[in-house]
There are 2 protein chains.
Amino acid sequence: MEKTSIPKVVIARLPVYIQKLNQLMREGRESVSSQEMAEYLGVTSAQIRKDLSFFGGFGKKGVGYDVINLLESLRSILNLNQIWEVVLVGVGKLGQALLSYQGFSRKGFEIVMAFDNDPNIIGQTIAGVKVRDVSEMQNLTCPRNIPIAILTVPAGNAQEMADQLIHCGVKAILNYAPVTLKVPEGIRLANIDPVLSLQTFTYYL
Amino acid sequence: MEKTSIPKVVIARLPVYIQKLNQLMREGRESVSSQEMAEYLGVTSAQIRKDLSFFGGFGKKGVGYDVINLLESLRSILNLNQIWEVVLVGVGKLGQALLSYQGFSRKGFEIVMAFDNDPNIIGQTIAGVKVRDVSEMQNLTCPRNIPIAILTVPAGNAQEMADQLIHCGVKAILNYAPVTLKVPEGIRLANIDPVLSLQTFTYYL
DNA sequence: TAGATTGTTAATCGATTAACAATC
DNA sequence: TAGATTGTTAATCGATTAACAATC
């Protein structure tokens, strides 16, 4: 029960607001109303105002929200004004694609280590990160206290890798493996499985 | 307002149940209780029973649910007893990884066409799929009426590609681009942006 | 000032959970 | 039969929306 008062759904929407505000900023926009944001994002303006009001009053009545100011406020609420270290486990095709993805470091997430168990991949350097043997993972990650892990291993290995990472101080896991992981209370977990999304589609099609 | 009565959250959980039931089946389990499923998935048993009860009574009181029977029932509810054709747009690193991913066809989703705008990639065959010029997309996809698209293009191109796909009859889009797309009523949309997940983590860390 | 838009309250809506009779 | 577990109802909990006074 951490930061109890604010609903999880609200926290999950803040990054979406940030994404849009970033775009507005690049376009040179100075201010934006909740109404306009709502249209862009396909939600109600009341929801946007309510969400923001959990953290204070960022707007000016009759005017709207200052784009840069709101953006900075939200970034600060989410602790995005720092570099977050990330460890990636599983350097198959998907893991390689994520290692090469510029979007992480551009948004302040730095993949600092990568591990695999395939001798053909161990030792290679991908996007500046040297791939190491997963058998060394505990030795190498435990001392560094890396807070976030990305899991791109086969389903069968995911739980074991998660356990090891958590043991070494990882506090949040982005899981691409198609399994439901068991993690202790207090460990954040998000699952990205495209098949689950597709299987939801097919109900409606 | 299609199939109104059943909450979207319930539909979204069915694939997770299917995932676990598949695993139980592979392990040779014959039946399972809502209690046991709940423990595996980290939810309440009441939720599982309630979810299933929207579609009928699949269990036996005092016994639980027959694994194979429930699995088949859920697959049928989600229309998973058929092959679903998929078009993939954007064959960069991520697109290539998804093209090579066995999990889609294994679960009944067949990527039948792929498009890109990079001359170095157009013409290549990846995982049995020939990459075609995106300028031909409308000509090639419109007649085939493919229901599902996966978008792995840069943020700047995503909306334009979505519009074209929808124009050609696509009814559901799995969007990997880091933008909020605008789609007409009735088009299903799911977004997979790992950065949004990471940015939710950092609030709690 | 007049018009616009916020921040907030109260009402509505929807989802989760507890509890238990039914029954295998 | 006794024990276990479902299916379902009612109660609780939480999230969304409508509406409007405050105010820029």
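Everything quoted here is computed from the prediction, not taken from an experiment. Convention: sequence-line order gives letters A, B, ...; per-chain numbering from 1. These numbers come from the heavy atoms of this one structure, side chains and all, not from hydrogens, waters or symmetry mates.
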Trainee: Output a table of donor-acceptor pairs, distance under 3.5 Å, between side-chain atoms of residues 56-73 of chain B and any protein atom two or more places apart or on a different chain; print 'none' if there are none.
Mentor:
unit_1: D66(B); atom_1: OD1; unit_2: I68(B); atom_2: N; d: 3.3
unit_1: D66(B); atom_1: OD1; unit_2: N69(B); atom_2: N; d: 2.8
unit_1: S73(B); atom_1: OG; unit_2: N69(B); atom_2: O; d: 2.8

Trainee: Output yes when at least one side-chain N/O atom of Y65(A) is less than 4.0 Å from OP1 or OP2 of dC24(D), else no.
Mentor: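 Answer is no, no contact under 4.0 Å.
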Trainee: Please give, in whole Å, the distance from dT17(C) P to D51(B) CG?
Mentor: 10 Å
Trainee: Say whether, by atom type as modelled, one donor and one acceptor occur between the side chain of R144(B) and the main chain of I146(B) under 3.5 angstrom.
Mentor: no
Trainee: Closest to the A46(B) side chain: dT9(C), dA18(C), dG7(D)?
Mentor: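 When the side chain of A46(B) is considered, dA18(C) is the closest of dT9(C), dA18(C), dG7(D).
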Trainee: Strictly below 4.0 Å: does T44(B) bring a side-chain N or O up to OP1 or OP2 of dT17(C)?
Mentor: yes
Trainee: Separation of Q47(A) atom CD from dT8(C) atom C1', in whole Å?
Mentor: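 Rounded to the whole Å, the gap is 16 Å.
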Trainee: Give a yes or no on whether the backbone of P178(B) and the side-chain of Q19(A) come within a donor-acceptor separation of less than 3.5 Å.
Mentor: yes
Trainee: If you check the V9(B) side chain, which of dA15(D), dA18(C), dT16(C) turns out closest?
Mentor: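 Selected nucleotide: dT16(C).
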Trainee: Without swapping roles, check the side chain of S34(B) against the backbone of R49(B) for a donor-acceptor pair under 3.5 Å.
Mentor: no
Trainee: How far apart are the C-alpha atoms of Q159(A) and D163(A), what are their side-chain angles, what is the distance that settles it, and do they pass the side-chain hydrogen bond (donor to acceptor under 3.5 Å, both in side chains) test?
Mentor: CA-CA 6 Å; Q159(A) 184 66 59; D163(A) 293 344; 2.9 Å; yes
Trainee: Looking at dT8(C), dT6(C), dT9(D), which one has an atom nearest to any side-chain atom of S53(A)?
Mentor: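 Side chain of S53(A) sits closest to dT8(C).
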Trainee: Between dT6(C) and S34(A), is there an OP1 or OP2 to side-chain N/O distance shorter than 4.0 Å?
Mentor: yes
Trainee: Both G56(A) and K60(B) contact DNA chain C. Which one's nearest nucleotide lies toward the 5' end?
Mentor: G56(A)
Trainee: Could you please name the option among dG7(D), dT17(C), dA22(D) that lies closest to any side-chain atom of K61(B)?
Mentor: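 Ranking dG7(D), dT17(C), dA22(D) by closest atom to the K61(B) side chain puts dG7(D) first.
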Trainee: Can you tell me the distance, in whole Å, between the CZ atom of F58(A) and the P atom of dT8(C)?
Mentor: 11 Å
Trainee: Between Y176(B) and N191(B), does the side-chain hydrogen bond (donor to acceptor under 3.5 Å, both in side chains) criterion hold? Intermediate values first, please.
Mentor: CA-CA 6 Å; Y176(B) 281 84; N191(B) 295 292; over 6 Å; no
Trainee: Axis-to-axis angle across the helix from dG3(C)-dC24(D) to dC24(C)-dG3(D), five pairs an end, to 10 degrees?
Mentor: 20°
Trainee: So does R13(B) get a side-chain nitrogen or oxygen closer than 4.0 Å to the phosphate oxygens (OP1/OP2) of dT16(C)?
Mentor: yes
Trainee: Just the rounded figure in Å: distance from P of dA18(D) to CD of Q35(A).
Mentor: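 So the CD-P distance, Q35(A) to dA18(D), works out to 12 Å.
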Trainee: Using the side-chain hydrogen bond (donor to acceptor under 3.5 Å, both in side chains) rule, take Q96(B) and K93(B) through it: C-alpha gap first, then chi angles, then the decisive distance, then the call.
Mentor: CA-CA 5 Å; Q96(B) 290 177 34; K93(B) 293 241 174 61; over 6 Å; no
Trainee: Can you tell me the distance, in whole Å, between the CG atom of L52(B) and the P atom of dT6(D)?
Mentor: 9 Å
